[in-house]
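Atom set for the values below is all heavy atoms of this structure, side chains included, hydrogens, waters and symmetry mates excluded. Here is the naming used below: chain letters follow the sequence lines, and residue numbers restart at 1 for every chain.
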Protein chains: 2
Amino acid sequence: MISQIKQVQGRVFEKLLGEAGIEEFNGPQGRILYVLWQEDNLPIVELSRRTGLAKTTLTSMLDRLEARGFLNRGFDKSDRRIIRIILTDMARSMKDKYNQVSEDMNKIFYKGFSSDEITQFEGYLQKILDNLYKEENNK
Amino acid sequence: MISQIKQVQGRVFEKLLGEAGIEEFNGPQGRILYVLWQEDNLPIVELSRRTGLAKTTLTSMLDRLEARGFLNRGFDKSDRRIIRIILTDMARSMKDKYNQVSEDMNKIFYKGFSSDEITQFEGYLQKILDNLYKEENNK
DNA sequence: ATAGAATAATACTATATAGTACTATTTTCG
DNA sequence: CGAAAATAGTACTATATAGTATTATTCTAT
């Protein structure tokens with residue numbers, strides 16, 4: 001059911017982005033930008049943790065976002081293995097527009113939910129996510 | 001968070017399939033087979049509804065499953081637009097092995113949940129899914 | 001100090017995913 | 001009836017996703 005929700009949510013969100021006139025990036029790219037809007041200058045591995053995407057997935061997605069002028073790759077001074085992802089001003093300027101769509105999406109998603117139910121539901125999600133990460137890492 | 005769960009869950013499930021010695025199909029294919037094990041002889045559009053995948057996604061996935069001998073495409077007698085998906089005996093024979101892995105996955109997923117919490121959580125998921133499908137169809 | 005383990009990132013490859021445009025049917029309704 | 005709309009499926013294309021193997025760098029333990 002989770003997969004199903006993710007799939008349908010993705011298609012609906014894509015449509016909302018279009019209706020809001022956002023042609024510059026799509027849903028999956030928005031998910032990465034969303035994390036970076038909260039905090040950038042992150043190493044790719046950390047971005048992987050925060051998005052749930054494999055780091056090999058990020059390589060190509062970041063290539064595309066870089067090609068379109070959303071971000072730059074910068075070196076880390078103290079550890080040369082690490083590459084840090086920095087948003088461009090253009091990328092920063094789109095944050096508010098995206099958040100508006102995100103709110104609209106949330107309203108659709110949680111239609112008929114009380115705020116207590118939302119809190120409870122999101123607590124369950126966090127617990128499940130912890131369970132999954134524990135399994136992925138500790139084995 | 002839903003996307004993140006789906007992603008990590010997918011990778012963990014893939015690992016469990018490998019550990020169970022199931023090399024014949026992968027997670028996304030398993031998701032399609034799972035629906036067909038419950039009921040086959042379905043049109044592709046109906047399979048799309050039950051999996052949450054777009055019908056164009058199913059075209060190529062069913063091609064691969066057909067090429068590997070899991071299913072056949074059959075004609076519908078009364079409506080020649082419709083193609084019906086029929087499982088092979090080989091596919092049917094793998095149901096139990098898959099269900100075992102599925103149960104293991106569930107245990108990881110819901111570690112620390114009471115059965116009341118699971119029921120409640122899945123009720124929320126169903127409600128969200130209904131919200132999303134309503135939005136996708138009625139607009 | 002240095003060999004081996006660990007970590008960060010990427011290249012390459014295969015599959016998954018969905019949108020647009022199209023064909024072939026069936027349904028609807030004037 | 002017959003034209004237009006609706007429906008089922010596919011071809012083609014672009015992006016997303018992750019696994020394996022590889023390179024470069026840093027850490028660890030003696």
Side-chain angles (χ1 to χ4, degrees), chain A residues 3-15 17-19 23-33 42-49 51-68 70-71 73-85 136-137, chain B residues 3-15 17-19 23-33 42-49 51-68 70-71 73-85 136-137:
Chain A
S3 296
Q4 212 173 338
I5 287 172
K6 195 259 178 180
Q7 231 74 257
V8 185
Q9 192 274 343
R11 292 197 300 269
V12 170
F13 191 65
E14 209 74 47
K15 209 170 57 176
L17 282 176
E19 286 168 6
E23 312 285 347
E24 294 86 349
F25 59 89
N26 62 24
Q29 292 168 347
R31 201 161 120 225
I32 293 172
L33 292 173
L42 296 176
I44 294 178
V45 168
E46 180 56 28
L47 202 48
S48 167
R49 283 191 203 101
T51 57
L53 295 165
K55 66 179 180 177
T56 54
T57 300
L58 285 172
T59 296
S60 52
M61 297 204 58
L62 293 173
D63 284 349
R64 275 184 287 271
L65 286 168
E66 190 172 13
R68 290 178 194 183
F70 284 95
L71 52 85
R73 284 169 158 98
F75 292 101
D76 185 293
K77 286 133 204 143
S78 68
D79 186 341
R80 291 197 300 171
R81 292 171 305 185
I82 296 176
I83 285 185
R84 291 186 174 273
I85 304 298
E136 192 175 39
N137 297 322
Chain B
S3 295
Q4 211 173 338
I5 287 172
K6 195 262 179 180
Q7 232 74 257
V8 185
Q9 192 274 344
R11 293 198 299 270
V12 170
F13 191 65
E14 208 75 47
K15 209 170 59 177
L17 282 176
E19 286 168 7
E23 312 285 347
E24 295 86 351
F25 58 89
N26 61 24
Q29 292 167 346
R31 200 161 121 225
I32 293 173
L33 293 173
L42 297 176
I44 294 178
V45 167
E46 180 57 26
L47 203 48
S48 166
R49 282 191 204 102
T51 56
L53 295 166
K55 68 179 181 179
T56 54
T57 299
L58 285 171
T59 297
S60 52
M61 297 205 59
L62 293 173
D63 283 349
R64 276 185 286 269
L65 285 168
E66 190 172 13
R68 292 177 192 183
F70 284 94
L71 52 86
R73 285 169 158 97
F75 292 102
D76 185 294
K77 285 133 205 146
S78 68
D79 186 340
R80 292 197 299 172
R81 291 170 304 183
I82 296 176
I83 286 186
R84 292 186 173 273
I85 303 299
E136 191 175 38
N137 297 323

Measure [atom1]/[X] against [atom2]/[N] and give the value in whole Å, please.
X: A:L62; N: C:dA11; atom1: CG; atom2: C1'; answer: 15 Å
X: A:L47; N: D:dA16; atom1: CG; atom2: P; answer: 14 Å
X: A:L53; N: C:dT17; atom1: CG; atom2: C1'; answer: 14 Å
X: B:I44; N: D:dA11; atom1: CD1; atom2: C1'; answer: 13 Å
X: B:R80; N: D:dA8; atom1: CZ; atom2: C1'; answer: 13 Å
X: B:D76; N: C:dT27; atom1: CG; atom2: C1'; answer: 15 Å
X: B:I82; N: C:dT25; atom1: CD1; atom2: P; answer: 13 Å
X: A:F75; N: C:dA9; atom1: CZ; atom2: P; answer: 11 Å

[atom1] of [X] to [atom2] of [Y]: how many Å apart, nearest 0.5 Å?
X: B:Q9; Y: B:Q4; atom1: CD; atom2: CD; value: 13.5 Å
X: A:L42; Y: A:R49; atom1: CG; atom2: CZ; value: 10.5 Å
X: B:L62; Y: B:R73; atom1: CG; atom2: CZ; value: 5.0 Å
X: B:Q29; Y: B:L65; atom1: CD; atom2: CG; value: 4.5 Å
X: A:F70; Y: A:R64; atom1: CZ; atom2: CZ; value: 13.0 Å

Categorize [X] for me: base, sugar-phosphate, or nothing, with a 4.0 angstrom heavy-atom threshold over every strand shown.
X: A:R84; result: nothing
X: B:Q7; result: sugar-phosphate
X: A:L58; result: nothing

What residues form a side chain to side chain contact (heavy atoms under 4.5 Å, CB included) with A:D79, not counting sequence neighbours?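 Result, side chain to side chain contact (heavy atoms under 4.5 Å, CB included) vs A:D79: A:D76, A:R81, A:I82.
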Pairing residues for B:R80 by the side chain to side chain contact (heavy atoms under 4.5 Å, CB included) criterion, not counting sequence neighbours: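 Side chain to side chain contact (heavy atoms under 4.5 Å, CB included) check on B:R80 returns nothing, list empty.
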Hey, is A:R11 close enough to A:E14 for a salt bridge, meaning N to O under 4.0 Å?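 The answer is no: the pair does not qualify as a salt bridge.
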Answer yes or no: does a side-chain N or O of [X] lie under 4.0 Å from OP1 or OP2 of [N]?
X: B:T59; N: D:dG9; result: no
X: A:K6; N: D:dT17; result: yes
X: A:R11; N: C:dT17; result: no

Any sub-3.5 Å donor-acceptor pair from A:T51's side-chain atoms to A:L47's backbone N or O?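 Yes; at least one donor-acceptor contact below 3.5 Å.
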Do the side chain of B:E46 and the main chain of B:P43 share a donor and acceptor less than 3.5 angstrom apart?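 Absent.
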Apply salt bridge (Lys or Arg N to Asp or Glu O under 4.0 Å) to B:R68 and list each qualifying residue two or more places apart in sequence or on a separate chain.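 Residues passing salt bridge (Lys or Arg N to Asp or Glu O under 4.0 Å) with B:R68: none at all.
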Interface polar pairs with nucleotides 12-15 of chain C, N/O, under 3.5 angstrom:
from   : atom 1 : to    : atom 2 : distance (Å)
C:dT15 : OP1    : B:R68 : NH2    : 3.0
C:dT15 : O3'    : B:N26 : ND2    : 3.4

For a 4.5 angstrom cut-off between non-hydrogen side-chain atoms, does B:L58 reach B:I85?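 With C-beta onward as the side chain, the pair stays apart.
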With respect to the side chain of A:D79, which nucleotide from C:dT10, D:dT26, D:dG9 is positioned closest?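 Selected nucleotide: D:dT26.
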Which nucleotide, C:dA8, D:dG9, D:dA18, lies nearest any side-chain atom of A:T57?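 The nucleotide sitting nearest to the side chain is D:dA18.
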Reading DNA chain D from 5' onward, which residue's closest nucleotide shows up sooner: B:D63 or A:R31?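 Residue closer to the 5' terminus by nearest nucleotide: B:D63.
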Note the angle between the end axes of the helix from C:dA1-D:dT30 to C:dG30-D:dC1, five pairs defining each, rounded to 10 degrees.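 That helix has its two terminal axes inclined by roughly 30°.
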Using the 3.5 Å cut-off, write out each protein N or O paired with an N or O of nucleotides 4-7 of chain C and the distance between them.
from  : atom 1 : to    : atom 2 : distance (Å)
C:dT7 : O2     : A:R81 : NH1    : 3.3

